[in-house]
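All values reported here derive from a predicted model rather than from experimental measurement. Note on naming: letters A, B, ... go to the chains in the order of the sequence lines (proteins, then strands), and numbering restarts at 1 for each one.
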There are 2 protein chains.
Amino acid sequence: MINQYKEQLKEHNLKLTDKRLKLIEVLAGDEKYMSAKEIQSKLADYFPTISYDTIYRNLHTLTDIGVFEQTSLDQEMHYKIACVTHHHHHFICERCGVTQVVEYCPVEKWQNELGDVKLNSHKVELYGYCEKCA
Amino acid sequence: MINQYKEQLKEHNLKLTDKRLKLIEVLAGDEKYMSAKEIQSKLADYFPTISYDTIYRNLHTLTDIGVFEQTSLDQEMHYKIACVTHHHHHFICERCGVTQVVEYCPVEKWQNELGDVKLNSHKVELYGYCEKCA
DNA sequence: TCCTAATTCGTAATCATTCTGATTAAACTA
DNA sequence: TAGTTTAATCAGAATGATTACGAATTAGGA
Ligand SMILES: [Mn+2]
Ligand SMILES: [Mn+2]
Ligand SMILES: [Zn+2]
Ligand SMILES: [Zn+2]
């Protein structure tokens, strides 16, 4: 499954660096939203001196090509590995960031209600505490 | 209608200051999400030296008591006057921040789908360009 | 192996937001 | 109305996330 991400990098002419691969590994290994700080602390096990510039740059780059998805929580951007299957949304634990899939999305009803206005995107996020954190 | 906000301040033992009243006036006068910077530039007409501390403090305070509502756009918190009628969401213009009401909200379907997990809150935001900005 | 553009590094800068300690003023009381 | 109390404001420093920059390194192709 990591190979699929290597593909995506190649498709966009991005080099396969050790930092990028480990970054993907970290996010792919935990289905939750993580802050840059959390991510750097996980990467620090492998690259103790990795630059924040590298982390932020790659979070942006990989979000741009659809490997990650992002959301703003508590004034900080958080990232998770992207869901590539079908359109859906997430429940997000406000304590630990862990996510749970939410299938139902009435985007066509919303588009109907809006009429002419063109919908570029939409955000649906459900918040609460996961079973562990409750 | 400004009187209703004065009530709310009194109910929470908050003083009626000139800054607070003008802040409410500014947000109530334009049904859109505004950043702290935008807000301070509007307030500057009346209070050229108003402190950012005053702006941020009051944005928080008034959001806490339900006078304003907030959302994070582009890494910046944005505020608008709260909708006090019934539960609903908004379409938000990505250029100018103007909002349009979206009535349909399937929160009970989502709660059903989630089962046990307790839902604390939810965010639904539809993005695009308003007629003016399109 | 060599070249070159992309990537990373270390660090400084930026920008939104928060904090602090001193000053002001709203609201209550006499 | 004057006095008292305490919340609110102010100016400016501090914080914390994010971005920028010039120099050094490296992936990937020739
Ligand atoms: Mn998902
Ligand atoms: Mn709703
Ligand atoms: Zn949790
Ligand atoms: Zn607009």
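Set against C/dT8, C/dA27, C/dA16, the side chain of B/Y56 has C/dA16 as its closest nucleotide. Closest to the side chain of B/S51, from the set C/dA16, C/dT7, D/dC10, is D/dC10. Comparing D/dC21, C/dT18, D/dT6 against the side chain of A/D53 picks out D/dC21 as the nearest. If you check D/dT26, D/dA17, C/dT17 against the side chain of A/K15, the one that comes closest is D/dT26. Comparing D/dA11, C/dT18, D/dT9 by their closest approach to the side chain of A/Q75 singles out C/dT18. When each of D/dT18, C/dA25, D/dA27 is scored by its nearest atom to the side-chain atoms of A/T17, the top-ranked nucleotide is D/dA27. Picking from C/dG10, D/dA17, C/dT8 the nucleotide with the shortest atom distance to the side chain of A/E76 gives D/dA17. When distances are taken from the side chain of A/R20 to each of C/dT8, C/dC9, D/dA17, the shortest belongs to C/dT8.
Using a 4.0 Å heavy-atom criterion, one finds that B/S35 contacts no nucleic acid atom at all. Residue contacts for A/H60: at a heavy-atom cut-off of 4.0 Å it reaches the sugar-phosphate backbone alone, with no base atom in range.
One can place CZ of A/R57 at 8 Å from P of C/dC9, the figure rounded to the nearest angstrom. Rounded to an integer number of Å, the gap from CG of A/L16 to C1' of C/dT8 is 15 Å. Following rounding to the nearest Å, A/K6 (NZ) and D/dG28 (P) show an atom-to-atom distance of 10 Å. The CG-P distance, from A/L73 to D/dA17, rounds to 14 Å in whole Å. What separates NZ of B/K10 from C1' of D/dA7 is a distance of 16 Å, to the nearest Å. Note: CG (A/D74) to P (D/dG16) measures 15 Å, nearest angstrom. A/L23 has its CG atom 14 Å from the C1' atom of C/dT8, to the nearest Å. Between the CG atom of B/N13 and the C1' atom of D/dA7 there is a distance of 11 Å, rounded to whole Å.
If you run side-chain hydrogen bond (donor to acceptor under 3.5 Å, both in side chains) between B/T71 and each of B/E76, B/H78, B/E125, only B/E125 comes through.
Between A/H60 and A/Y56, the ring planes lie tilted relative to each other; the angle falls in the 30° to 60° range. Classification of the A/H122-A/H87 ring pair by plane angle, with boundaries at 30° and 60°, yields tilted.
Contact annotation: B/K19 side-chain N/O to D/dC10 OP1/OP2 distance is under 4.0 Å.
Under a hydrophobic-cluster definition in which Ile, Leu, Val, Met, Phe, Trp and Tyr are linked whenever side-chain heavy atoms come within less than 4.5 Å, directly or via other members, A/Y33 and A/Y129 are assigned to different clusters. In terms of hydrophobic clustering, with Ile, Leu, Val, Met, Phe, Trp and Tyr side chains grouped at heavy-atom distances under 4.5 Å, A/I92 and A/V101 are assigned to different clusters. Taken together through direct or relayed side-chain contacts under 4.5 Å among Ile, Leu, Val, Met, Phe, Trp and Tyr, A/I65 and A/I24 form part of one hydrophobic cluster.
Positionally, the nearest nucleotide of DNA chain C for A/T54 lies more toward the 5' end than for the other of A/T54 and B/Y79. For the pair B/D18 and B/Y52, both in contact range of DNA chain D, the more 5′-proximal nearest nucleotide belongs to B/D18.
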